[in-house]
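Accompanying notes for the structure given below.
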2 protein chains.
Amino acid sequence: MSAVQRGTPMATQPMATGRPATIHDIAALCGVAASTVSRALANPERVNIRTRERIQAAAVELNYTPNSQAKALSSGKTGAVGVLVPDITNPFYFDLIRGTQLQLKAAGYTQLLVDTEESDEVEASTLEQLRKSADGVVVAASRLNDEALAAAAARMPMVTVNRDVDGVPAVLIDTPSAMPQALDHLISLGHTSVAYVSGPAVSQSSARRWIALSEAAEERGVDVRRIGPFAPKTQSGAAAADAAVHSGVTACIVFNDLIAIGMLQRLRERGLRVPEDMSIVGCDDIFGADFCNPPLTTMSSPIEQAGRVAVSMLLAQLNPLAGGGNRSRSVMPTHLTVRGSTGSAPSN
Amino acid sequence: MSAVQRGTPMATQPMATGRPATIHDIAALCGVAASTVSRALANPERVNIRTRERIQAAAVELNYTPNSQAKALSSGKTGAVGVLVPDITNPFYFDLIRGTQLQLKAAGYTQLLVDTEESDEVEASTLEQLRKSADGVVVAASRLNDEALAAAAARMPMVTVNRDVDGVPAVLIDTPSAMPQALDHLISLGHTSVAYVSGPAVSQSSARRWIALSEAAEERGVDVRRIGPFAPKTQSGAAAADAAVHSGVTACIVFNDLIAIGMLQRLRERGLRVPEDMSIVGCDDIFGADFCNPPLTTMSSPIEQAGRVAVSMLLAQLNPLAGGGNRSRSVMPTHLTVRGSTGSAPSN
DNA sequence: ACGGACTTGACAACCGATTGCCATTATCTG
DNA sequence: CAGATAATGGCAATCGGTTGTCAAGTCCGT
């Protein structure tokens, strides 16, 4: 990161003209028609190289930047992409957002980030509004039902993250595949009675994780019960911890790290030790999972990459010209990261 | 491309037609001119009540929503506000972002969130671009120098957060005022030699905190030295911890919680106990400060409220009509939250 | 040198909404 | 009842680009 030093900005600061330059200013300066300027900038090969260069030079000189509103109006393309997340304060989405932002910026798009507040209504109305102000959307962990989501996807280009609906391209974070790993990890530590602490009832992620886990449990002949649902917030961890203790299990696999971290706090309050009395496995490996107490065993994925991939898929949909076949589904690998919150089952 | 089919008079389906309705559709349906529709919707009192109601009914029936691009183009107002943060993955900004988003949505504005990647160049170019695509900006923890920031503020409505520049309205999180509290807290625990672990060299916040701390230290006759600068990331904590240990102090007041948490980890690695061997005071009370190990003593502020206030100030600037006098400066209170990372000074 | 093929640049019609200006009509006043 | 005044609705220009159309200009081969 030593590149920080470079470029002390004595940068060529464009002087503050009263109003940003337009193609008409350029046209006037070059003595050509505005349309010629437009072409010179958009379809350079359609314009004489000398004129073109004169125009390009003038554009630089006037510090011209196209007016995105006007461009959107006449071309129908806004150059913006909406990114919908259910809760912007959930650390899981930080890296996702950063991934989408990076990839969008690289492609010259603007990111419209919206927090849908875990509400299907906010999500639906946002999608409707975005239909006119964005070229496409990335929808993370949608709270909409399948029909509504499919309908929205039919109206505008969309890529979902962690949500699988027929006909809608998706990036899936393959947490379910790590469930057997997590279970084997617990079994190897002597646990035979495990609880799955589930997330929101409308979360497809939670459902998929539970299915994967219960299948793996059946194969291995282990008792796994399900408790919940719980909201994906640390505050929910207290109730989840109490429910887990009451159920008598010695280990929990938890919908996500927020709840898991909340459980750690609650268990400590109740005088129970982790992992001596109870093992906890989280999910997502969010910011904080490595420095909570004890550090959380959890399932990790390349989240930022997921954001980048989602945007790539969306852009491929928007610009079908570019080579790469349009994948309609991309799966991000997941693995178990073992830390301090899991240990041998109580020996009693 | 063939001639666009838009003239079809009976194509006015209330259902989800391929294309959203425009004022022209409404005008056709009501048998009036488009401009009348525009007025009926914007200046209702300028249009006969019967016509107006007919138009409003048609608008509802056609599920009309104004095209924000077109509106922006002709009115010059975009209905969007840019929010610039240096690092979107820094939890400090989560609550700020949520605050701005809530307040903006309530006022019918769209939030354009941009991560400037701690770079003054990215920040400058973003501001320049936003000048045409947003009505105003909220700039958090700007990395620009005073002149550049003042110049940008002269070109478009702006409110800064944690940055004080002449003539630019600002929301200041008054962390400096908590510095004496923090120092007194440490002194009462027997510490006499304290280090300030500073943040980025260009961060005004860091500079202000240092000034407040060193003044308080002088008044109290305590030795406070400054180490750093360090980047505001947990990874920087390792170097910061080593520097602190080397300097021989028994307590650190740290620029922010990210660095502080990184220090906790590093100190543990080196076999040093917190707070027995070293006390740590963080700043910001970010997500994670309450559940790290040990829980972090830190300085807390109403960050989400800061975001809301920043937006309110900006909107007041945009719509001078509304009553409330335009405050140009708003200070958010800060207090010390004592947790487990501070304790009695080593007795040796 | 001439005609055709190909380039290049200008014009103008949009995109969807706002707004100044004017014509029409309704209402009111004396 | 005529004339004044206000209320109302429509036309058309405008915002900044994009793009289809066409005329003028260039270059070529024969």
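For the numbers below, each heavy atom of this structure counts, side chains included, while hydrogens, waters and symmetry mates do not. We name chains A, B, ... by the order of the sequence lines, and we start the count at 1 in each one. As the structure is a prediction and not an experimental result, all values here were calculated from the model.
- Here the side chain of Asn162(A) pairs no donor or acceptor atom with the backbone of Leu172(A) at under 3.5 angstrom.
- For dG9(C), the OP1/OP2 oxygens have a side-chain nitrogen or oxygen of Thr51(A) closer than 4.0 Å.
- Paired with Arg143(A) under the rule side chain to side chain donor-acceptor pair (under 3.5 Å), one option of Glu118(A), Gln204(A), Glu123(A), Glu121(A) passes, and it is Glu118(A).
- The bend of the helix from dA1(C)-dT30(D) to dG30(C)-dC1(D), defined by the angle between the axes of its first five and last five pairs, stands at 40° to the nearest 10°.
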Please list each protein N or O that sits under 3.5 Å from an N or O in nucleotides 18-20 of chain C, with the distance.
{"unit_1": "dT18(C)", "atom_1": "OP2", "unit_2": "Ser38(B)", "atom_2": "OG", "d": "2.6"}
{"unit_1": "dT18(C)", "atom_1": "O4'", "unit_2": "Ser74(B)", "atom_2": "OG", "d": "3.1"}
{"unit_1": "dG20(C)", "atom_1": "O6", "unit_2": "Arg39(B)", "atom_2": "NH2", "d": "2.5"}

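- With rounding to whole Å, Arg46(A) atom CZ is found 12 Å from dC22(D) atom C1'.
- Side-chain polar atoms of Gln69(B) and Thr78(A) form no donor-acceptor pair below 3.5 angstrom.
- Nearest to the side chain of Thr22(B), among dG16(C), dT8(D), dG17(D), sits dG16(C).
- With sequence neighbours left out, the side chain to side chain contact (heavy atoms under 4.5 Å, CB included) criterion links Asp95(B) to Thr89(A), Ile303(B), Glu304(B).
- dT8(C) atom P lies 17 Å from atom CG of Leu41(A), rounded to whole Å.
- Rounded to an integer number of Å, the gap from Arg52(B) CZ to dG10(D) C1' is 18 Å.
- Atom CD of Gln129(B) sits in a sparse spot, with 12 or fewer heavy atoms from other residues, nucleotides or ligands closer than 6.0 Å.
- One can place CD of Gln69(A) at 11 Å from C1' of dC15(D), the figure rounded to the nearest angstrom.
- Between the CG atom of Leu73(A) and the P atom of dT14(D) there is a distance of 17 Å, given to the nearest Å.
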Carefully, step by step, assess Glu45(B) and Arg52(B) under the rule salt bridge (Lys or Arg N to Asp or Glu O under 4.0 Å).
CA-CA 9 Å; Glu45(B) 71 283 2; Arg52(B) 183 205 314 168; over 6 Å; no

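- If you measure from atom NZ of Lys77(B) to atom C1' of dG16(D), you get 17 Å, rounded to the nearest angstrom.
- Lys132(A) and Thr65(B) are linked by a side-chain donor-acceptor pair at a separation below 3.5 angstrom, with hydrogens and angles left out of the test.
- For the pair Ile55(A) CD1 and dG17(D) P, the interatomic distance rounds to 13 Å; values are reported in whole Å.
- When the P atom of dT8(D) is taken as reference, atom CD1 of Ile49(B) falls 10 Å away, rounded to whole Å.
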Using salt bridge (Lys or Arg N to Asp or Glu O under 4.0 Å), reason through Glu117(A) and Lys105(B) one step at a time and then give a plain yes or no.
CA-CA 12 Å; Glu117(A) 299 165 25; Lys105(B) 179 185 293 184; 3.3 Å; yes

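- More than 12 heavy atoms of other residues, nucleotides or ligands lie within 6.0 Å of CG in Asn43(A), so this atom counts as buried by the packing criterion.
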